[in-house]
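All residue numbers in this chain count up from 1 along the given sequence.
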Amino acid sequence: MDLVRTVTAAGVTTMTLDNPANRNALSTALLGQMLESLAAAAADPECRVVVLSHTGPVFCSGVDLKETAAAGPGDRLPAEMLADVLAGLWDFPKPVVARIGGPARAGGLGLIGAADIAVCVRSATFAFTEVRLGVIPAVISATVLPRLTPRAAADLFLTGDVFDGTRAVEIGLVTAAVDEDGLDAAVAGYCASLLRGGPLALSGTKELLRRTPDESIRADLVELADRSARHFTSPEGREGVAARREKRDPGWVR
């Protein structure tokens, strides 16, 4: 059963969670297919941007609780496999845009946090429901806490209260909240902007956004200057500079 559908067109790979009957819950089967799709997209030169989308009214209801409850000794829990998917999304070498057309809960918020850009409808609702199940949002904290303001994280992690798309923007969980009829246009707009960036430059910029320096500012700047020089002297960097000087689009813009 295909639980994740993938289509690539015009540089954009749309990865769609397609199990609406189970509210796109994160089962080990669905998570395994996500890992396969991510690996294929990373290796595909035609893929420049990934859009993470969904069918049905719910973006993602979190880990599959039915499968979790039925797991026996030695079985791998969905929450454990979710860690692999979040790592794959966080370290993915190409931009990832989350398209959120409905509610997201618990593990689904981990997917949103792992995306580089996230666009939701204003009516979408979100909640970190873990504490109300007697568990903790451990795995998803790795991708969500870097996005949230500390006060909002404490409030929402501890209470499990539901919040809407407008607040999701205010606290940093998502990039933008739009009307329902504007969701696809907003996602397409971000994709169009991302496709104008050099592929290697986008990958390198993602590395900058993920890095956590632990040295002095001077040592850090030495390392950053080296990164900058490598990109400026690369074929892509030279093409980008030449295109700007010649008032034309660089070769990677189709």
Side-chain angles (χ1 to χ4, degrees), residues 1-7 13-42 50-92 96-115 118 120-121 124-148 153 156-163 168 173-174:
M1 183 177 180
D2 290 333
L3 303 175
V4 178
R5 292 188 292 105
T6 303
V7 176
T13 295
T14 301
M15 189 180 305
T16 304
L17 306 184
D18 190 19
N19 191 13
N22 199 28
R23 300 188 304 161
N24 293 317
L26 301 172
S27 62
T28 54
L30 185 146
L31 291 165
Q33 290 182 26
M34 285 190 73
L35 288 171
E36 292 172 0
S37 296
L38 286 170
V50 165
V51 172
L52 181 60
S53 187
H54 63 102
T55 59
V58 176
F59 174 75
C60 178
S61 60
V63 297
D64 190 320
L65 296 180
K66 183 177 180 180
E67 181 181 359
T68 299
D75 290 340
R76 196 172 192 207
L77 297 176
E80 294 176 291
M81 186 174 284
L82 176 59
D84 295 336
V85 171
L86 294 185
L89 285 168
W90 189 264
D91 292 333
F92 195 72
V96 177
V97 180
R99 175 193 173 279
I100 306 140
R105 297 290 186 269
L109 277 69
L111 300 180
I112 295 169
C120 72
V121 295
T125 60
F126 308 86
F128 298 97
T129 53
E130 287 86 350
V131 292
R132 298 192 179 189
L133 299 174
V135 297
I136 64 173
V139 171
I140 66 170
S141 69
T143 60
V144 169
L145 288 182
R147 307 297 189 192
L148 301 185
L156 299 170
F157 271 36
L158 291 170
T159 65
D161 285 345
V162 175
F163 57 101
L173 178 65
V174 303

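Shown here is Arg23, whose CZ atom has no more than 12 heavy atoms of other residues, nucleotides or ligands within 6.0 Å.
With Thr143 contributing its side chain and Gly110 its backbone, the two residues share a donor-acceptor pair below 3.5 Å. In terms of modelled atom types and a separation under 3.5 Å, the side chain of Glu67 and the main chain of Thr28 share a donor-acceptor contact.
One distance of note links CG of Leu3 with CE of Met34; it measures 11.5 Å at 0.5 Å rounding. Taking CG from Leu173 and CD1 from Ile100, the interatomic distance works out to 7.0 Å, rounded to the nearest 0.5 Å. Atom SG of residue Cys60 and atom CG of residue Leu26 lie 3.5 Å apart, to the nearest 0.5 angstrom. Within the model, atoms CG of Leu38 and CG of Leu52 stand 8.5 Å from one another, a figure rounded to the nearest 0.5 Å. Leu30 CG to Asn22 CG: the interatomic distance, rounded to the nearest 0.5 Å, is 9.0 Å. Taken from CD in Gln33 to CG in Leu17, the straight-line distance is 10.5 Å, to the nearest 0.5 Å.
Put simply, the side chain of Arg5 does not reach to within 4.5 Å of the side chain of Thr14, judged on heavy atoms. Side chains of Val85 and Leu111 form a contact here, defined as non-hydrogen atoms less than 4.5 Å apart. Counting only heavy atoms from C-beta outward, the side chains of Phe163 and Thr125 never approach each other to under 4.5 Å. Residues Trp90 and Pro146 are in side-chain contact: their nearest non-hydrogen atoms beyond the backbone lie under 4.5 Å apart. For the pair Ile112/Val174, a side-chain contact is recorded, criterion being any heavy-atom separation below 4.5 Å from C-beta on. Side chains of Met1 and Asn19 form a contact here, defined as non-hydrogen atoms less than 4.5 Å apart. Considering only heavy atoms from C-beta on, Met15 comes within 4.5 Å of Val4 through its side chain. Looking at heavy atoms from C-beta onward, Phe157 lies in side-chain contact with Leu148 at the 4.5 angstrom threshold.
Nearest heavy-atom pair across Val131 and Gly160 is CG2-N, 4.2 Å. When every heavy atom of Ala106 is checked against every heavy atom of Thr129, the shortest pair comes out as CB-OG1, 3.7 Å. Scanning both residues, Pro57 and Pro103, for their nearest heavy atoms gives O-CD, 3.1 Å. Closest heavy-atom contact between Gly113 and Arg147: O-NE, 2.8 Å. Here the closest non-hydrogen pair linking Ala127 and Leu109 is O-CD1, 4.0 Å.
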Does the side chain to side chain donor-acceptor pair (under 3.5 Å) test come out yes or no for Thr6 and Ser37, once each step is laid out? CA-CA 7 Å; Thr6 303; Ser37 296; 3.3 Å; yes

Fill in: side chain to side chain contact (heavy atoms under 4.5 Å, CB included) assessment of Glu130 paired with Ile140
CA-CA 10 Å; Glu130 287 86 350; Ile140 66 170; 3.4 Å; yes

- Message: Walk me through whether Leu133 and Leu65 qualify under side chain to side chain contact (heavy atoms under 4.5 Å, CB included).
- Response: CA-CA 10 Å; Leu133 299 174; Leu65 296 180; 4.1 Å; yes

Practice prompt. Run the numbers on Val162 and Phe126 for side chain to side chain contact (heavy atoms under 4.5 Å, CB included), then give the verdict.
Written response: CA-CA 6 Å; Val162 175; Phe126 308 86; over 6 Å; no

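Partners of Asp161 according to the salt bridge (charged side-chain N to carboxylate O under 4.0 Å, His left out) rule, which considers only residues two or more places apart in sequence or in another chain, are Arg132.
Every pair passing ring pair (Phe, Tyr, Trp, His ring centres under 6.0 Å) that includes a residue from residues 50-70 is listed here, sequence neighbours excluded: His54-Phe59.
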For a quick test of your reading: what N or O donor-acceptor pairs under 3.5 Å do the side chains of residues 69-82 make, sequence neighbours left out?
{"from": "Asp75", "atom 1": "OD2", "to": "Gly72", "atom 2": "N", "distance (Å)": "2.6"}
{"from": "Arg76", "atom 1": "NH1", "to": "Asp84", "atom 2": "OD2", "distance (Å)": "2.9"}
{"from": "Arg76", "atom 1": "NH2", "to": "Glu80", "atom 2": "O", "distance (Å)": "3.4"}
{"from": "Arg76", "atom 1": "NH2", "to": "Asp84", "atom 2": "OD2", "distance (Å)": "2.8"}
{"from": "Glu80", "atom 1": "OE1", "to": "Leu77", "atom 2": "N", "distance (Å)": "2.9"}

